[in-house]
Amino acid sequence: MNTAILQLNDISMHFPGIKALDGVSFSVRPSEIHALIGENGAGKSTLVKVMTGVYRPTSGTLSLDNHKVEFKSPQDAQKLGIAVIHQETSMFGDLSVAENIFMGHEPRAPFRFFRPISWLRMRRGAVELLDKLGLKTDPRTLVKDLSTAERHLVEIAKALSRKARILIMDEPTSALTIRESEELFELVRRLKAEGVAIVFISHKFEELFEIADSYTVLRDGRFIGEGSMKEATEDQLVRMMVGRSVDQLFPKKESSIGGVAMDAFKLGKTGIFKGVSFQVRHGEILGFFGLIGAGRSEVMQAIIGVDKLDAGELKVEGKPVRFSSPGDAMKKGVVYVPEDRQRQGAVLAMSIADNITLPQIDDLSAFGWLKPAKEFAVAAEAAKRLEVKAAGIEYDVQTLSGGNQQKVVLAKWLASGPRILILDEPTKGIDVATKSAVHAIVSELASQGLAVIMVSSELPEIMGMADRVVVMHEGVVSEIIEREDFKEERIMRAAMGLAGNAGGAA
Ligand SMILES: Nc1ncnc2c1ncn2[C@@H]1O[C@H](COP(=O)(O)OP(=O)(O)OP(=O)(O)O)[C@@H](O)[C@H]1O
Ligand SMILES: [Mg+2]
């Protein structure tokens with residue numbers, strides 16, 4: 001058995017009002033993929049930040065190769081061979097893909113005295129790394145022009161460019177779909193074969209079982225247990241995480257389907273998507289499935305007025321509409337909860353309560369000023385329904401864990417009382433117990449007559465929740481499948497553009 005490269009002993013990390021970590025010990029070995037598991041707010045990302053020099057722990061020690069170390073900054077950890085893909089991307093939008101990847105360790109020209117940055121080597125290096133991840137983007141592209149998934153892949157390439165001994169990945173696949181994740185896993189396995197120690201965080205059990213060798217479970221900042229992944233069962237892990245059993249998918253509630261709420265006819269945006277037609281009815285959950293680049297989020301953003309539609313007709317409750325902005329859409333009862341909640345969803349430097357009630361300020365204020373008590377009550381109720389874990393709803397959103405920030409954004413839109421709700425990857429980064437709660441709420445809302453469009457890359461979520469699924473491939477609808485015809489293979493084939501062969505393409 002290999003001995004540990006990195007060891008954390010009795011680590012505690014306290015923030016005002018919260019013990020994010022409370023006496024946690026943890027270690028990783030060469031050629032080991034170690035899963036770090038726990039609910040939203042359990043302390044996973046905090047532990048990562050301690051391991052990578054972002055935080056200095058309140059107490060406890062770190063050792064590298066059996067020698068005590070103290071990281072005074074993230075650079076200290078980097079120099080010692082620790083690379084990290086953080087949950088929140090930390091890239092520079094106005095720099096190119098290549099510059100972001102090699103920031104701080106740019107390849108230099110091989111002259112003896114004067115060693116300028118070699119742009120050529122940098123571009124070649126970037127292309128090589130991106131190739132391994134299956135990304136065909138030109139390395140000169142500015143990061144701000146990339147999609148969420150592409151940005152995430154660049155973040156991964158950036159960590160890989162450092163040839164680390166220890167690679168820490170905090171929810172690396174949350175923005176990727178199945179194919180991209182597979183390519184990442186191939187790469188991770190190769191690194192493992194080369195002796196790299198890997199810490200892997202994910203809320204997706206299939207992934208954990210596929211890739212991890214061992215696991216450590218945290219709950220409320222405390223160490224709960226560890227073991228070999230081979231000997232673990234899903235139920236056992238969930239019980240360690242949550243303290244009870246949970247069904248990953250809430251059973252869908254029967255709902256009577258009513259009239260057409262939204263009717264999209266041949267929607268198009270030049271170069272992005274075309275001929276997109278579908279209807280969603282009251283009481284219905286319409287799934288939208290596809291691989292990265294299929295254009296699902298782009299369709300929703302054009303509908304809601306974040307972007308412009310170039311072609312087609314959109315009707316809401318039978319009346320032709322074009323929304324100029326999400327605010328305009330909201331006034332007409334159509335609400336969009338974006339996928340990239342960090343950038344589009346929450347105001348980080350504002351309290352949880354203010355974030356949740358933000359869309360309803362008009363309703364809650366009397367004569368132009370807010371009624372704080374009522375606002376607070378509405379927010380408290382919504383936060384409770386989604387089990388937002390916080391020291392209090394008066395705290396800033398930026399003090400929350402990643403998953404809890406996402407819950408705040410969901411709570412904010414659910415509390416605004418929409419008639420048509422568009423959810424983009426609603427359970428991305430959300431733990432098992434809350435995922436089930438989100439499904440329960442969505443199902444409940446649909447049964448009350450709300451029309452729901454749910455963009456999701458998780459096939460089980462689509463199969464479990466949707467009444468019909470619109471499958472997209474490269475900007476066009478490849479198939480619309482009714483619930484009684486749902487088969488995993490058929491949906492996947494349609495997503496890969498092979499619908500015709502599976503039979504039943506319209
Ligand atoms: N900078 C901070 N200030 C105050 N509290 C914080 C800070 N960072 C984290 N916390 C708190 O520490 C706890 C653990 O958060 P952490 O981000 O480690 O959770 P996590 O396990 O990564 O969850 P998730 O699955 O949602 O990403 C949470 O209760 C969070 O609110
Ligand atoms: Mg986290």
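Counting starts at 1 for both ligands and their atoms, in listed order.
Using 4.0 Å as the threshold, H203 has a heavy atom nearer than that to some atom of ligand 1. Using a 4.0 angstrom heavy-atom cutoff, E171 counts as in contact with ligand 1. The closest approach between a heavy atom of G43 and any atom of ligand 1 is below 4.0 Å. By the 4.0 Å heavy-atom criterion, I18 is counted among the residues contacting ligand 1. The closest approach between any non-hydrogen atom of E39 and ligand 1 is below 4.0 Å.
The minimum heavy-atom distance between A164 and G81, with the atom names listed, is CB-O, 3.3 Å. What you find for E444 and S447 is that their closest heavy atoms are O-OG, 2.8 Å. Of all non-hydrogen atoms in L208 and S202, the two that sit nearest each other are CD1-O, 3.8 Å.
Residues D170 and K44 are not paired through a salt bridge, judged by the lack of any N-O separation under 4.0 Å between the basic side chain and the carboxylate.
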Salt bridge (Lys or Arg N to Asp or Glu O under 4.0 Å) for D431 and K435? Distances and angles first, verdict last. CA-CA 6 Å; D431 70 46; K435 198 166 169 176; over 6 Å; no
For Y55 and F15, run ring-ring contact (aromatic ring centres under 6.0 Å, His included): C-alpha distance rounded to whole Å, both residues' side-chain angles, the deciding distance at 0.1 Å, then the answer. CA-CA 11 Å; Y55 293 152; F15 295 112; 5.4 Å; yes
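The residue Y395 has no part lying near ligand 1, judged by heavy-atom distances below 4.0 Å.
Given atom 23 (O) of ligand 1, the protein heavy atom at minimum distance is G41 N, 2.7 Å. Protein heavy atom closest to atom 25 (O) of ligand 1, with residue, atom name and distance, is K44 NZ, 2.7 Å. The single protein non-hydrogen atom nearest to atom 7 (C) of ligand 1 is F15 CE1, 3.4 Å, given as residue, atom name and distance. In terms of protein heavy-atom proximity, atom 6 (C) of ligand 1 is closest to T399 O, 3.1 Å.
Looking at A20, S202, P16 and measuring to atom 12 (O) of ligand 1, the nearest heavy atom belongs to A20.
At distances below 3.5 Å, not a single donor-acceptor pair connects side-chain atoms of N404 with backbone N or O atoms of L400. With hydrogens and angles ignored, the 3.5 Å screen pairs no side-chain donor or acceptor of T427 with any backbone N or O of I430. Judged by distance alone, with hydrogens and angles left aside, the side-chain atoms of E425 form a donor-acceptor pair with the main-chain N or O of S457 at under 3.5 Å.
Remark: D354 CG to K412 NZ distance equals 11.5 Å, nearest 0.5 Å.
If you number the atoms of ligand 1 from 1 as listed, the ones under 4.0 Å from a heavy atom of L400 come out as 31 (O). Heavy-atom proximity to Y55, at under 4.0 Å, picks out these atoms of ligand 1: 1 (N), 8 (N). Interface atoms of ligand 1 facing S401, defined by a heavy-atom separation under 4.0 Å, are 15 (O), 16 (P), 17 (O), 19 (O), 20 (P), 23 (O), 24 (P), 26 (O), 30 (C), 31 (O).
Residue L47 places no N or O, backbone or side chain, under 3.5 Å from any N or O of ligand 1. Polar contact with ligand 1: present for T46 (N/O pair, distance under 3.5 Å).
In summary, S45 places an N/O/S atom under 2.8 Å from the Mg ion (ligand 2), meeting the contact criterion.
Side-chain atoms of S63 and N66 form no donor-acceptor pair, as typed in the model, at a separation below 3.5 Å.
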